[in-house]
Amino acid sequence: MRMSLRLILLLVITVTLISILFALYQVREDTHARQSDLEKRAQVLAESLQETVDPLWMRGARGSLKRIVERFGNQERLDGVAIYDIQGRPTLVTPSLATRLGIEPPLIDRSVFEGHGWGHFFGSGRNSAHVYAVPIRADGSIVGALAVFHDASYIDDQNTKLWRDTFMHVLMQMLLIVAITLLVVRWSVERPVARLAQWLQDLRAGTIASNSELATEQVLRPLAREVTHLATSLQVARASAEEEARLREAADSLWTAERLRVFQETALEGSRLVVISNREPFMHVHRGSSVEALSPASGLVTAMEPVLRACAGTWIAHGAGDADRETVDAHDRLGVPPEAPAYTLRRVWLTAQQEERYYYGLANEGLWPLCHIAHTRPVFRAEDWEAYREVNAKFAEAVLEEIADVEHPTVLVQDYHFALLPRLIKGSRPDARVTIFWHIPWPNPEAFGICPWQRELLEGLLGADLIGFHIQSHCNNFLETIDRALESRIEWERFAVTKGGHVTSVRPFPISVDFKDNIPSHSNGYLSVRSERAALNGFNFQADYLGIGVDRLDYTKGIPERFRGIERFLEKHPSYQGRFTHVQIGAPSRTHIHRYQDLIADVEAEAERINQRFQTRQWKPIVFLKGHHNHDEIEPYYRMADLCLVTSLHDGMNLVAKEFVASRSDEEGVLILSLFAGASRELEDALIVNPYDTDQVAEAIRCALQMDSKEKRERMRRMRRVVKHYNIYRWAANLIGAVSEIRLEPIQRAKAAVAQSDASTTVQSSY
Ligand code: F6P
């Protein structure tokens, strides 16, 4: 209210000032115009009378002069006429003139007797008047003067009227302004603000959710958006404070985003985390005329995104979206997530050829099959290797730019795309703490040894202070590979390699997911799962039992093997025909590579073949949903499935297994998990299978569907405890904790280590 009063006052003062200034100007102009009009009229009259008076004076016709003087009295605005002798004394005066101006008319200026006409305003208010005098001549000499007197009080009267009108206008305008302002304030400010206040009150009371829409007028929309974010953050903060309190109460030591944030601030002594990966967490793409932000299907993104949100660092990645360049600032940076920026994404641009050779070529046709051993032969091309080196150097430049002003920065390099990066960074910034986390398996030394550039890759990796793998056996394989390929000192008891005086620790850090322990309420739990399941009938099938598989369409994921397991199950247990359906969500990936195109064709053909074999009008055994699905779209499938099939032929960890477990707050559902996925080391309560063994997969499906509900719950509860306890925040805290404990070598020694390994690479490659 006080604010609207101020607004009104301001408007009123402004309008009044403007009106007064305008009226002043108009009065001045009008006065001037009327005065000069009067002056002109007086002059014309005086001069025309002069012609009559001059001969009469000469003739001494006093009687005629007297008549003329009397005739000009009391006419409209003309007060009268006076005739002066040469001494300037009035001799003949219109009688009414003397009445209005006093006994005698005023004296006139001497200049008239020298031959000039003379005009002058005098008096004020009702007595305001104007005189115009001209000389009277006889025989060529000036003998007197004739003066014409006008009443000028009407000019003041009109000015007074103008001021009165202006005052009335200002008054009307003020009343109008007050009324309109009050109405506008009431309709477009007070009401929406009251609604906003009510919405906040409801939020505080917990009667609505923070994501509930706040309907408001256009003008308040930016404010409403900010308030919504604020409310969401407050709710998250409240939830995490409650969670912390619950944990303290339970004397538990669970890791949360908030705990990680505080931990990393202390561990990194305030410096910001810098993460590098090929895949970016948000990719901007054109969709018709608009630009959309996508979160790519990637285990790495699933895992790292919550970490970056908690730690608010910088994530450097390849800008691969076709609208990516349109959404960055002049330094190729942008705040993400787009709806509530929490950290910085720095995009690095690659040419189409670099992407083709470094990403599709060396990384995904070379290193990917080399490390997975899934019976797809690696391809090594010299030009791909060149591009790989080039791109690693390009990313190194971006990293060095981002850490330029940071003392002892902490850099977390991600994955097999950047094996050369640790050494490139360390070579320029020996004071940096550098870690690389390898998200895929590390094979045995014989398998890795076929890579023509194994030595350069290993040298590059050993530039790091710490190398992380998902599981211990990958660490073992790595050290054995080093042992075979490089001159170095390996300390098996503390899992460290010393090369050229630089020490690299090698440790397992099983990656995980963000575990949200939301016990389903009656409204958002079982009931909604049941209705979601009903909604699946939209795909035109009916089933009593549901299996789910969620994968990137990659040959390492064992999808055709999974389908054959399902086929075998239906063959062996025909009572499930018509009752069990497997929904396979598959995101196409790396489709430039022939092997991936073949795989998609293979998956489609296998699904089709098996469906043809068993399907009925109402039912089919496999529903293949090819395409990108975001987390919110996948979650309902996890929650309504009776079992989840993860049958990777080889996988570093496999986060689908952990996501499935994390989403089963109802403690239902069975996980069937490949022996060759890193996750099988932790999720011992899954039904562990060899995906190559079709009968075993079939048997696991039967077992899952017939498992007694108590056992199901116990298994799921135990797995949930594992994922909850070892969530992504603990993973990040362990990694950051280990990096922060690294004792940096003196700079000279670190530089010497890089120089020495440069020399040894040159010698070795000259063989
Ligand atoms: O598993 C290895 C990995 O690079 C992950 O880090 C990531 O989830 C997945 O492959 C996706 O690969 P891309 O980024 O090539 O789509």
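We count ligands from 1, going down the list as the structure has it; atoms in each ligand are counted the same way.
For R664 (side chain) and Y638 (main-chain N/O), a donor-acceptor pair under 3.5 Å exists by modelled atom type. In this structure a side-chain-to-backbone donor-acceptor pair under 3.5 Å is missing from R279 to L300.
Residues satisfying the salt bridge (charged side-chain N to carboxylate O under 4.0 Å, His left out) test with E355, not counting sequence neighbours, are none.
Protein residues with any heavy atom under 4.0 Å from ligand 1: R279, S298, G299, L300, Y359, W368, D415, Y416, H417, H439, I440, R552, R590.
The stretch residues 462-475 participates, sequence neighbours left out, in these side chain to side chain donor-acceptor pair (under 3.5 Å) pairs: K426-D465, Q472-N476.
The existence of a salt bridge linking E390 and K394 is excluded, since no basic side-chain nitrogen approaches an acidic carboxylate oxygen closer than 4.0 Å.
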For a quick test of your reading: what N or O donor-acceptor pairs under 3.5 Å do the side chains of residues 310-323 make, sequence neighbours left out?
| from | atom 1 | to | atom 2 | distance (Å) |
| --- | --- | --- | --- | --- |
| W315 | NE1 | S277 | OG | 2.9 |
| D322 | OD1 | H286 | N | 2.8 |
| D322 | OD1 | H286 | ND1 | 3.4 |

